[in-house]
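Just so it is clear, the values below take in all heavy atoms, side chains as well, and ignore hydrogens, waters and symmetry mates.
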Amino acid sequence: MNIAQPTPATLSPDTIARFRAIVGDKYAVTDPADVHQYVTEDRNLFFGTSPLVLRPGSTAEVAAICKLATETRTALVPQGGNTGLVGGQTPYGGEVVLSMRRLDHVREIDTESNTMTVEAGLILQNAQTRAAEADRLFPLSLGSEGSCTIGGNLSSNAGGTTALAYGVAREMALGLEVVLADGRILNGLSKLKKDNTGYDLRNIFIGAEGTLGIITAATLKLFPKPRAVETAFVGLQSPEAALKLLQISREEAAGQLTSFELIADIAVDFSVRHGIGVRDPLASKHPWYVLMELSSSREDTSDTLQKILERGMEDGIVDDAVIAANIAQRQAFWKLREEISPAQKPEGGSIKHDVSVPVAAVPAFIAEANAAVARLMPGARPVPFGHLGDGNIHYNVTQPRETLADSGGRDAFLARWHDVNAVVFEVVLRMGGSISAEHGIGQLKAADLPSVKDPVAIELMRALKAMLDPLNILNPGKVLLPVKP
């Protein structure tokens with residue numbers, strides 16, 4: 001199934017003027033200095049160009065933009081908070097950027113139905129706050145929650161630290177409003193938990209990274225606001241010990257276990273060394289750590305958490321642990337976790353992997369991936385951390401320490417990105433895992449996708465793309481690369 005190539009990036013003055021007229025001159029950005037923030041991203045891995053950034057303020061304006069883009073065969077790149085890690089939000093061929101940040105209204109909060117209908121440009125943290133003001137919880141939580149948007153979260157099917165209890169973004173959305181490539185609006189904003197009237201069109205667009213349609217609004221699930229939250233920071237010897245502690249936690253806490261993060265000692269070292277105001281909560285160093293949290297809307301969870309840790313110590317699994325005594329200490333634990341990613345920057349180049357394997361296979365995956373990286377690149381420093389409870393590990397590899405003084409060391413290290421990917425992905429796939437657990441495919445992994453995805457699945461994905469976006473104007477070059485003639 002061939003997918004059409006988009007029109008070259010050069011836009012005529014008349015076409016630019018027609019696009020500008022849709023949103024108004026104030027919300028059409030053409031000055032290169034102002035465009036810059038929309039065509040680069042925080043990790044400096046992806047750089048692009050764009051002749052025009054449009055900032056629509058309504059679904060009707062998005063629809064008009066898509067209709068004109070179809071008429072003129074102009075490629076569009078939808079963008080939320082520009083926090084994506086695989087280049088899905090970054091133009092590379094001069095496409096028009098469609099920034100969704102002005103679509104940031106909360107249209108409705110329905111506490112009886114436990115739903116919230118919001119626009120795609122609403123910042124995740126603001127969605128959490130509005131839910132809390134209504135005495136409800138919107139549980140999606142990410143390190144970038146202060147800047148990422150609901151539309152971006154759904155388009156990448158974001159996971160985060162609470163997926164263990166509440167699922168990923170897909171499981172938090174009941175309905176969507178989507179603008180199609182030709183400008184038609186799919187009105188699927190439903191509050192229904194049960195609806196068997198045909199195909200589930202919502203899930204076609206969640207995780208599609210804006211390649212099939214542009215999400216403009218969503219009806220989200222809300223949950224009872226927790227009345228008790230208990231958080232512990234635990235030191236232990238190995239991922240195997242952490243896995244045993246996870247099993248104990250599930251037995252004792254059942255649905256109260258909301259987060260279970262595995263962190264290697266090197267990740268803690270980086271965070272403490274480079275994070276502002278970050279310190280190790282434990283008195284001595286340990287090879288591995290777990291950050292775990294229990295939440296309940298009805299009862300105190302402190303006795304349950306204490307029992308879990310006591311069992312862990314009795315079984316020789318837990319070496320040391322501290323329970324947060326107050327909100328400030330709980331926030332300090334989570335700040336250490338959130339600083340892990342930015343704290344890798346001062347340590348040199350970092351080759352990232354967002355992978356998942358069956359939960360029981362996580363210890364073996366880390367051991368085998370570490371060995372494979374050491375064989376390929378002696379001195380490279382693996383930095384594994386992530387969501388053990390759902391098998392999602394951020395397996396990052398940091399530049400060898402001895403090359404930091406070399407002015408070209410970072411570039412030489414990053415030039416091996418695909419070599420390192422290959423040895424890590426081999427372990428992931430052999431264990432029945434996925435090369436993208438929560439960050440998406442974007443530009444970074446588009447070339448890898450056909451080799452790791454079932455051929456029939458790829459064929460169906462291409463068929464959907466060709467049907468919904470036959471001119472390939474929606475985020476071209478992301479997720480699915482065009483088939484070479």
Decide whether Asn82 and Gln89 meet the rule of one side-chain donor and one side-chain acceptor closer than 3.5 Å.
yes
Evaluate the criterion side chain to side chain contact (heavy atoms under 4.5 Å, CB included) for residue pair Leu186 and Glu177; output intermediate values, then yes/no.
CA-CA 6 Å; Leu186 173 64; Glu177 177 185 85; over 6 Å; no
Taking the side chain as C-beta and beyond, is there a heavy-atom pair between Leu176 and Ile206 under 4.5 Å?
yes
Is any side-chain heavy atom of Ile215 closer than 4.5 Å to a side-chain heavy atom of Val179?
no
Does a donor on one side chain sit under 3.5 Å from an acceptor on the other, for Thr129 and Gln125?
no
For Lys335 and Val278, indicate whether the former's side chain and the latter's backbone hold a donor-acceptor pair under 3.5 Å.
no
Does Lys445, at its NZ atom, have more than 12 non-hydrogen atoms belonging to other residues, nucleotides or ligands within less than 6.0 Å?
yes
Under 3.5 Å side-chain donor-acceptor pair for Tyr395 and Asp354:
no
Under a 3.5 Å distance rule, please check whether Asp469 uses its side chain to pair with a backbone N or O of Ala181 as donor and acceptor.
no
Arg430 atom CZ: more than 12 heavy-atom contacts under 6.0 Å:
yes
For Leu103 and Pro56, work out which heavy atoms get closest and say how close.
CD1-O, 2.9 Å
Leu246 side chain reached by Leu257 side chain, heavy atoms, under 4.5 Å:
yes
For Ile473, is there any backbone N or O sitting under 3.5 Å from a side-chain donor or acceptor partner on Arg73?
no
Starting from the C-alpha separation in whole Å, work towards a yes-or-no answer on side chain to side chain contact (heavy atoms under 4.5 Å, CB included) for Val97 and Leu54.
CA-CA 6 Å; Val97 175; Leu54 298 172; over 6 Å; no
Interatomic distance, Leu336 atom CG to Glu261 atom CD [nearest 0.5 angstrom]:
11.5 Å
Answer yes if the side chains of Ser144 and Ser147 hold a donor-acceptor pair under 3.5 Å, and no otherwise.
no
I want to check something: taking the side chain as every heavy atom from C-beta on, are Leu449 and Val479 in contact at a cut-off of under 4.5 Å?
yes
Audit row: Thr149, Leu124, side chain to side chain contact (heavy atoms under 4.5 Å, CB included) steps and yes/no
CA-CA 5 Å; Thr149 63; Leu124 173 56; over 6 Å; no
Do the non-hydrogen side-chain atoms of His353 and Ile351 ever get within less than 4.5 Å of each other?
yes
For the side chain of Gln79 and the backbone of Tyr38, is there at least one donor-acceptor N/O pair under 3.5 Å apart?
yes
Leu98 and side-chain contact (heavy atoms from CB on, under 4.5 Å): which partner among Val23, Leu474, Val62?
Val62
To the nearest 0.5 Å, what is the distance between CD1 (Ile340) and CD1 (Ile263)?
4.5 Å
Given salt bridge (Lys or Arg N to Asp or Glu O under 4.0 Å), test Glu209 with Lys478 step by step and report yes or no.
CA-CA 8 Å; Glu209 302 183 46; Lys478 319 296 173 54; over 6 Å; no
State whether the side chain of Arg170 and the backbone N or O of Asn157 hold a donor-acceptor pair below 3.5 Å, judged by distance alone.
no
Does Asp104 use its side chain to pair, donor to acceptor, with the backbone of Ala120 at less than 3.5 Å?
no
Only one of Glu347, Gln399, Gln344 clears side-chain hydrogen bond (donor to acceptor under 3.5 Å, both in side chains) with Arg381; which?
Glu347
Indicate yes or no for a side-chain donor-acceptor contact from Thr161 to the backbone of Ser259 under 3.5 Å, with no hydrogens or angles considered.
no
Geometric class of the His394/Phe385 ring pair [parallel <30°, tilted 30-60°, perpendicular >60°]
tilted
Can you tell me if Asp265 and His286 form a side-chain donor-acceptor pair at under 3.5 Å?
no
To the closest 0.5 Å, what do you measure between CD1 (Ile150) and CD (Glu119)?
12.0 Å
Charged tip of Arg130 within 45° of Phe138 ring normal and under 6.0 Å:
no
Can you tell me how far the CH2 atom of Trp334 sits from the CD atom of Glu338, to the nearest 0.5 Å?
7.5 Å
I'd like to know if the side chain of Thr72 pairs up with that of Thr74 as donor and acceptor (distance under 3.5 Å, no hydrogens or angles considered).
yes
Mind listing the closest non-hydrogen atom pair of Pro51 and Thr30 along with its distance?
O-CG2, 3.7 Å
Looking only at heavy atoms, which two atoms of Pro476 and Leu76 are closest? And how far apart?
CD-O, 3.9 Å
Here the pair of heavy atoms bringing Pro378 nearest to Pro400 is O-CG, 4.3 Å
Given 3.5 Å as the limit, does a donor-acceptor pair link the side chain of Ser271 with the main chain of Gly275, or not?
no
Distance (rounded to the nearest 0.5 Å) between Leu137 CG and Gln128 CD:
8.0 Å
Specify the closest pair of heavy atoms between Leu11 and Thr15, including all atoms of both residues, with the distance to one decimal.
CD2-CG2, 4.4 Å
Minimum heavy-atom separation for Thr49 and Val39, please, with both atom names.
C-CG1, 4.1 Å
Measure the shortest side-chain to side-chain distance between Phe413 and Thr403 over non-hydrogen atoms and say whether it is less than 4.5 angstrom.
no
For the aromatic rings, using the six-membered ring if either is Trp, is the centroid distance between Phe233 and Tyr289 under 6.0 Å?
yes
Is any side-chain heavy atom of Pro139 closer than 4.5 Å to a side-chain heavy atom of Met172?
yes
Set out, in order, the CA-CA distance, both residues' side-chain angles and the distance that settles side-chain hydrogen bond (donor to acceptor under 3.5 Å, both in side chains) for Ser295 and Thr258, then state yes or no.
CA-CA 6 Å; Ser295 305; Thr258 48; 3.2 Å; yes
Polar side chain donor-acceptor pair, Glu339 to His274, under 3.5 angstrom
no
Between Glu41 and Thr90, is there a side-chain donor-acceptor contact under 3.5 Å, judged purely by atom types and distance?
no
Strictly distance-based, threshold 3.5 Å: is any side-chain N or O of Glu459 a donor or acceptor partner for the main-chain N or O of Pro455?
no
Atom CG of Leu164 and atom CZ of Arg250: how far apart are they, to the nearest 0.5 Å?
5.5 Å
Using side-chain heavy atoms (C-beta onward) and a distance below 4.5 Å, is Cys66 in contact with Leu180?
no
Do Arg401 side-chain atoms and Gly379 backbone N/O form a donor-acceptor pair below 3.5 Å?
no
If you apply the rule side chain to side chain contact (heavy atoms under 4.5 Å, CB included), what do you find for Phe365 with Val355, and how did you get there?
CA-CA 10 Å; Phe365 160 70; Val355 301; 3.7 Å; yes
